[in-house]
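Beneath this line is the structure, given in structure tokens, with notes to follow.
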Amino acid sequence: MNRRQLFFAGLIASFVLSALAHYLHWNEMFQFAISAVSVIFVAGFLGQATESVAHYAGQRLGGFLNATFGNAAELIIAIFLVKAGSFETVKASLTGSIIGNLLLVLGLSILLGGLKYKEQRYNVQLATHNSTLMILAVVALFIPATFVSAEHFTFRKDQILSITVAIILIVSYLLWLVFSMITHKDMLSDMEDQAGAQADEHHEEPLWSLKRSVLYLVVATLMVAFVSEWLVDTLHGVSERFGLSELFVGAFVVAIVGNAAEHSAAIMLAMKNKMGAAVEIAVGSSLQIALFVAPVLVLISGFFGPTMDIVFTPIELAAIAVSVFIAKAVSSDGRTNWYEGFLLIMVYIILGFAFFLV
């Protein structure tokens, strides 16, 4: 068996074992371990499918599809949590996803890509627009938290403000897609001066045909959704056994698991000097969560009962603001090197210790 056949054998075996462990209620620690292994294989499968789609659709669209399919799995899990009324856990996991993508995913991509290539570049205009949108996300999350603490701000006003902000953010995100994918597509297209990457891309054959690549992308996303849910189900017992707080589990453990697909895909693309696609996955996924997933969850929650507000805690807002600040400083010039990736990871570790001690 060659390496690819071994990979798919491991993918199928770990997925089947994870399903059996979950539905037959095997030992919880074993469920956690085998589900974690399965997540790694499934994430690798999704990364390969994304890379194959990107060959046909271009780096930006390929990265956008990866971020969207990756967040679709997270959205499904979050909807079940919203239905159960676990609003604080949902907001903690959304916070973790935003900072995880901006610091961990982007940081590892820049670090490992930079160790192979001295300097990597991507469209500076895209970097500028991404930075502006990240600031918009911080402002939109900061305003409700500030005004809700006012003296005569009732629960009803809180819900009205949350719904209004949610609708505005969704409209802003949809118009950003129109701007970046249609009206100003050429201005924000992939860098053409990456001679080495462009040459490799033209000579590198895709793994599968376009139809099969899209099919595998959908299949991999469904597998991520299942495995992530199985793993999340074991986290309560595991967190109690190791004494982990609910905030830490929601913001870091659940977020890392939910974003495993983006992690592997972005790193793989960065190591092939396709930094434009890696940034689209990492930053684009954070923007999609802040400007689309979180607002959609606010609107969906109204169908199950009380509307979830969009008010994040001061700790969560501080973590998001710090992440946006350092990510903007690193990525706004359209150039990256390994040390900038190292800095992003260090900020992520600092936040991780802070959340662990809360």
Side-chain angles (χ1 to χ4, degrees), residues 63 67 70-71 91-115 117-143 145 176 247-248 250-253 255-256 258-259 262-263 266-267 269-270 275-291 293-294 312-358:
N71 287 334
K91 285 187 277 190
S93 66
L94 292 174
T95 300
S97 296
I98 294 171
I99 65 177
N101 279 304
L102 288 179
L103 299 179
L104 182 62
V105 179
L106 184 61
L108 283 174
S109 300
I110 293 175
L111 174 63
L112 297 179
L115 290 175
Y117 301 96
K118 187 173 182 179
E119 183 178 80
Q120 294 180 290
R121 300 186 179 190
Y122 61 98
N123 192 308
V124 67
Q125 291 178 311
L126 176 62
T128 301
H129 285 289
N130 280 340
S131 298
T132 304
L133 284 169
M134 286 191 289
I135 294 173
L136 168 65
V138 172
V139 171
L141 297 178
F142 180 82
I143 289 177
W176 161 246
L247 180 62
F248 177 80
F252 282 81
V253 181
I256 290 174
N259 292 319
E262 288 100 320
H263 297 175
I267 292 170
L269 291 166
M275 185 51 69
V279 170
E280 185 65 31
I281 291 173
V283 179
S285 183
S286 289
L287 290 174
Q288 195 173 77
I289 290 169
L291 303 179
V293 174
F312 286 70
T313 66
I315 292 175
E316 292 166 340
L317 286 174
I320 293 173
V322 167
S323 303
V324 168
F325 174 77
I326 186 66
K328 179 182 183 301
V330 166
S331 64
S332 59
D333 61 352
R335 300 181 180 185
T336 62
N337 55 67
W338 70 265
Y339 187 68
E340 291 178 332
F342 170 79
L343 293 178
L344 291 175
I345 295 172
M346 290 304 100
V347 175
Y348 187 75
I349 293 175
I350 292 172
L351 288 174
F353 272 110
F355 272 73
F356 179 76
L357 296 172
V358 170

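Numbers here simply count residues along the sequence, with the first being 1. All values reported here derive from a predicted model rather than from experimental measurement.
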Does a side-chain heavy-atom distance below 4.5 Å link L106 with V279?
yes
Test side-chain contact (heavy atoms from CB on, under 4.5 Å), reference R335, set M275, E340, E119, output is E119
Would the distance check show the side chain of Q120 and the main-chain N or O of A270 forming a donor-acceptor pair, the cut-off being under 3.5 Å?
yes
Using the side-chain contact (heavy atoms from CB on, under 4.5 Å) definition, which of the options I99, T95, V138 pairs with S323?
I99
Measure the spacing between OH of Y122 and OG1 of T336 and express it to the nearest 0.5 Å.
7.0 Å
What heavy-atom pair brings I98 and A290 nearest, and what distance separates the two atoms?
CD1-CB, 3.9 Å
Just how far is it from atom CD1 of I345 to atom CG of L103, taken to the nearest 0.5 Å?
9.5 Å
Shortest non-hydrogen contact from A278 toward A266
CB-O, 3.5 Å
Check whether any side-chain heavy atom of S285 lies under 4.5 Å from a side-chain heavy atom of Q288, and answer yes or no.
no
Could you pull out the closest heavy-atom pair between G341 and I110, with the gap in Å?
N-CG2, 3.4 Å
Determine the sole option in L108, L104, L343, V322 for which the side-chain contact (heavy atoms from CB on, under 4.5 Å) test with Y348 is passed.
L104
Of all the heavy-atom pairs spanning A282 and V105, show the shortest one and how long it is.
CB-CG1, 3.9 Å
Value rounded to 0.5 Å, distance of CD1 in I350 from CD1 in I326:
9.5 Å
Can you tell me how far the CD1 atom of I349 sits from the CE atom of M346, to the nearest 0.5 Å?
3.5 Å
Just so I know, are the side chains of E316 and L94 near enough to count as touching, which here means a heavy-atom distance under 4.5 Å?
no
Should we count CD1 of I315 as having more than 12 external heavy atoms under 6.0 Å?
no
Indicate the atoms forming the closest heavy-atom contact of L102 with L344, along with that distance.
O-CD1, 4.0 Å
So how far is it from F342 CZ to L111 CG, rounded to the nearest 0.5 Å?
8.5 Å
Run the side chain to side chain contact (heavy atoms under 4.5 Å, CB included) check on L287 and M134 step by step: do they pass?
CA-CA 6 Å; L287 290 174; M134 286 191 289; 3.6 Å; yes
Using the side chain to side chain contact (heavy atoms under 4.5 Å, CB included) rule, take T313 and K91 through it: C-alpha gap first, then chi angles, then the decisive distance, then the call.
CA-CA 9 Å; T313 66; K91 285 187 277 190; over 6 Å; no
Trace of the side chain to side chain contact (heavy atoms under 4.5 Å, CB included) decision for W176 with N130:
CA-CA 10 Å; W176 161 246; N130 280 340; 3.9 Å; yes
The reported gap from OG1 in T128 to CG in L133 (rounded to nearest 0.5 angstrom) is 11.0 Å
Measure across L317 and A145 and return the closest heavy-atom pair with its distance rounded to 0.1 Å.
CD1-CB, 3.4 Å
